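Please read all numbers here as calculations on a predicted model, not as lab measurements. This chain uses plain numbering: 1 for the first residue, then up along the sequence.
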Amino acid sequence: MNDSIYFFENPANEPVKAYVKGSPERENLLKEVKRQSELQIEIPLIIGGKEIRTGDMGTVVMPHNHKHVLATYHKAGKKEVQMAIDAAMDAHKEWSKFSWEARSAIMLKIAELLTTKYRDLINAATMLGQSKTMHQAEIEAACEAADFLRYNAYFASKIYAEQPKAGENQMNRLEYRPLEGFVFTVTPFNFTAIAANLNLAPAQMGTTTVWKPATTSLLSSYYLMQIFKEAGLPDGVVNFIPGRGSLIGGVVMSSKDFGGIHFTGSNNTFNALWKSAADNLANYKSYPRIVGETGGKDYIFVHPTADTKAVAANAIRGAYEFQGQKCSAASRMYVPKSLWGDIKGFMLEMLKEVKMGDITDPKNFLGAVIDEASFDNNMSYINFAKESPEATIIAGGNGDKSVGYFIEPTIIETTNPRFKSMEEEIFGPVLTVFVYEDEKLEETLELCDTTSPYALTGAVFAQDRRAAYDICERLRYNSGNFYINDKPTGAVVGMQPFGGSRGSGTNDKAGSYLNLIRWTNPRNVKEVFVPATDFKYPWLDV
């Protein structure tokens with residue numbers, strides 16, 4: 001019997017490798033990229049630890065070279081979805097009884113495998129399948145994924161240690177039970193780390209999952225499943241079922257064992273899932289936990305005292321890293337007229353040095369958007385701006401999908417603060433700028449707060465510290481992550497817990513204890529040492 005009381009220390013974040021020219025890590029990673037480029041693998045479903053092949057096939061291609069097939073994959077049908085639910089519930093019987101230390105040890109082993117033995121594998125798969133540069137893959141597929149796992153073990157130890165006080169003649173304890181049902185995890189294409197965390201955060205707390213991965217990131221997701229198994233995650237704790245979202249969701253959401261959703265993706269999909277949960281409430285054993293991160297229309301607000309070169313550099317990084325396909329990417333910017341000339345000049349000079357192309361070439365700052373639908377959507381906004389008298393394209397504005405889904409980093413300047421590309425999520429390398437009169441600062445802050453339905457991330461640039469803090473307070477509810485003199489992207493686990501509200505989700509803060517506690521179903525246990533033997537209270541004695 002293990003009678004130790006274990007507490008995990010607050011971990012250090014995984015160091016990010018620089019991949020500088022001539023370094024062993026660059027040579028090793030590019031060698032792995034080449035190896036994977038020469039393969040075409042077959043991706044099965046994985047249900048209860050078993051590989052399932054349905055014969056209903058799809059393909060995984062490189063976004064930057066869409067004729068290059070990386071993998072074929074099997075799609076789940078209704079039968080396989082029910083198999084995954086059954087496997088999750090069967091595994092739940094034992095996994096929910098695992099000691100939390102044993103669960104944590106498996107998570108920590110996954111983190112160690114990701115950052116050592118399989119670092120090159122997971123980074124290369126993310127580069128090829130999701131068109132990420134080596135830096136963008138490194139910071140999240142290896143480092144952020146490991147950070148989630150290590151911090152979650154630490155956060156779990158803090159949660160379990162939080163106990164009620166005892167009273168006279170009694171002992172009280174709080175039992176953090178796993179959810180009674182399974183969690184449906186719906187993961188996006190843009191972050192391998194999110195795919196890992198959406199499954200392993202509930203698993204850390206003893207709950208099992210049915211996982212619908214994005215079809216455009218299946219290569220890295222499949223390798224994650226293999227790493228989970230090698231680390232000792234029991235069969236059925238995570239069940240991997242690629243396929244059509246509406247079909248999978250229809251079966252999952254009607255199951256009596258549905259316990260919750262852990263979701264990152266579009267508002268429309270999340271809203272449909274939430275409505276389906278509401279429609280099926282009478283079928284469920286318990287009210288489900290609905291946790292989701294959805295859209296963003298993230299901004300940079302420039303105060304008249306801002307450092308213009310810092311604004312330009314961070315706007316380039318914030319808007320165009322990973323082709324603007326981050327939920328937190330800078331998509332709209334408010335600039336005072338007095339500074340716009342300098343900021344525009346710096347940005348245009350910097351963009352001359354920004355190269356786009358095949359992500360296996362280290363000189364390229366950005367690659368391709370994820371697929372043809374994304375390409376067409378982005379170009380529709382660019383073409384709308386080209387034809388509008390309220391907008392001017394001052395950089396970029398062109399796209400080419402003949403080889404890969406490439407769109408130039410684009411800056412739209414608009415005279416209308418509620419222009420279409422200022423309001424709507426685009427999810428690509430498109431930044432729209434509204435230039436405001438310096439004396440209309442308050443009016444422009446109101447526009448910033450009310451123009452978009454989202455509230456995910458935002459940034460202010462100001463050298464006047466009082467002004468920066470005043471703006472931070474003024475824009476209190478329009479972002480879940482707010483940055484002062486920094487780009488609105490790049491939240492770090494354990495440092496900036498991530499999530500937003502309004503149209504951006506439930507703000508359950510991935511990368512903190514707040515997310516983990518959502519996957520628990522607490523029970524308080526009171527034990528009385530010497531129970532009463534008479535029903536009468538003292539006040540009844542007259």
Side-chain angles (χ1 to χ4, degrees), residues 2 4-17 25 28 32 46 48-51 87-88 91-92 94-126 137-160 178 183 185 187 191-209 211 213 219-240 262 493-494 510-511 513 515-516 519:
N2 178 11
S4 62
I5 300 174
Y6 199 84
F7 185 82
F8 289 96
E9 295 295 327
N10 195 337
N13 292 81
E14 176 66 24
V16 176
K17 294 184 183 295
E25 61 260 29
N28 291 337
E32 176 62 18
I46 302 176
K50 295 181 175 60
E51 295 187 352
H92 188 283
E94 291 300 319
W95 184 243
S96 63
K97 296 174 185 175
F98 261 58
S99 72
W100 73 270
E101 298 99 331
R103 294 197 302 262
S104 297
I106 293 171
M107 303 304 165
L108 294 176
K109 184 170 182 178
I110 295 170
E112 201 65 20
L113 288 171
L114 281 169
T115 53
T116 55
K117 183 177 179 180
Y118 294 119
R119 192 178 198 126
D120 290 337
L121 179 138
I122 202 67
N123 283 346
T126 302
E138 165 73 7
I139 59 176
E140 64 95 0
C143 297
E144 186 177 30
D147 287 349
F148 275 129
L149 292 159
R150 291 167 180 158
Y151 274 95
N152 282 350
Y154 165 67
F155 294 139
S157 69
K158 292 184 69 176
I159 289 169
Y160 293 129
V183 173
T185 54
T187 63
F191 283 92
T192 303
I194 293 177
N197 186 58
L198 262 59
N199 285 285
L200 297 182
Q204 168 72 65
M205 308 309 285
T207 298
T208 56
T209 73
W211 177 16
L219 189 65
S220 59
S221 295
Y222 175 60
Y223 286 135
L224 281 178
M225 282 297 293
Q226 294 183 322
I227 294 167
F228 297 168
K229 186 174 182 64
E230 183 171 331
L233 190 72
D235 294 342
V237 172
V238 177
N239 298 278
F240 175 80
H262 206 190
V493 177
Y513 77 94
N515 183 276
L516 289 191
W519 312 117

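A tilted orientation is assigned to the rings of F240 and Y222, their planes being inclined by 30° to 60°.
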Exercise. Begin from the C-alpha positions of S104 and Y6 and carry the test side chain to side chain contact (heavy atoms under 4.5 Å, CB included) through to its verdict.
Key: CA-CA 11 Å; S104 297; Y6 199 84; over 6 Å; no
Quiz prompt | side chain to side chain donor-acceptor pair (under 3.5 Å) evaluation trace for Y513 with N152 | solution = CA-CA 7 Å; Y513 77 94; N152 282 350; over 6 Å; no
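For the pair N239 and T209, the minimum side-chain heavy-atom distance is 4.5 Å or more. The shortest side-chain heavy-atom distance between M225 and W211 falls under the 4.5 Å cut-off. Looking only at side-chain heavy atoms (C-beta outward), L200 and F148 stay at 4.5 Å or farther from each other. Residues W95 and P178 fail the side-chain proximity criterion, which asks for heavy atoms closer than 4.5 Å. Put simply, the side chain of K117 does not reach to within 4.5 Å of the side chain of I227, judged on heavy atoms. P213 has its side chain out of reach of T185: every pair of non-hydrogen atoms, C-beta onward, lies at least 4.5 Å apart. W100 has its side chain within reach of S157: a pair of non-hydrogen atoms, C-beta onward, lies under 4.5 Å apart. The shortest side-chain heavy-atom distance between I159 and M205 falls under the 4.5 Å cut-off.
Here the shortest heavy-atom pairing between S220 and T192 reads OG-OG1, 3.3 Å. When all heavy atoms of Y151 and G494 are compared, the pair lying nearest together is CE2-CA, 3.7 Å. In terms of heavy-atom proximity, V493 sits nearest to G511 at CG1-CA, 3.9 Å. Listed here is the closest heavy atom pair of T115 and A146: CG2-CB, 3.5 Å. Of all heavy-atom pairs between A111 and L149, the closest is N-CD1, 3.7 Å. Scanning both residues, I106 and P234, for their nearest heavy atoms gives CD1-CD, 4.2 Å.
Salt bridge absent: E230 and K109 never bring a charged side-chain N and a carboxylate O closer than 4.0 Å. Salt-bridge formation is detected for the pair E138/R119: a Lys NZ or Arg NE/NH1/NH2 atom is positioned less than 4.0 Å from an Asp or Glu carboxylate oxygen. Salt-bridge annotation for K50 and D235: absent, with no side-chain N of the basic residue lying under 4.0 Å from a carboxylate O of the acidic one. Comment: E14 engages R150 in a salt bridge, judged by a side-chain N to carboxylate O separation of less than 4.0 angstrom.
With rounding to the nearest 0.5 Å, the separation of NZ in K158 from CZ in F8 is 14.5 Å. Taken to the nearest 0.5 Å, the CG atom of L113 stands 6.5 Å off from the OH atom of Y118. Between the CG atom of N123 and the NZ atom of K17 there is a distance of 10.0 Å, given to the nearest 0.5 Å. Between the OH atom in Y160 and the CD1 atom in I5 there is a gap of 15.5 Å [rounded to 0.5 Å]. Note that CG of L233 is 5.5 Å distant from CD1 of I110, once rounded to the nearest 0.5 Å. Once rounded to the nearest 0.5 Å, the distance linking CD of Q226 with NZ of K229 reads 10.5 Å.
For Y154 (side chain) and P11 (main-chain N/O), no donor-acceptor pair under 3.5 Å exists by modelled atom type. Although no hydrogens or angles enter the test, the distance criterion places no donor-acceptor pair under 3.5 Å between the side chain of E144 and the main chain of I139.
For the residue pair D147/N13, the side-chain donor-acceptor check at 3.5 Å is satisfied.
The only option from N199, N515, N197 that meets the side chain to side chain donor-acceptor pair (under 3.5 Å) definition with H262 turns out to be N515.
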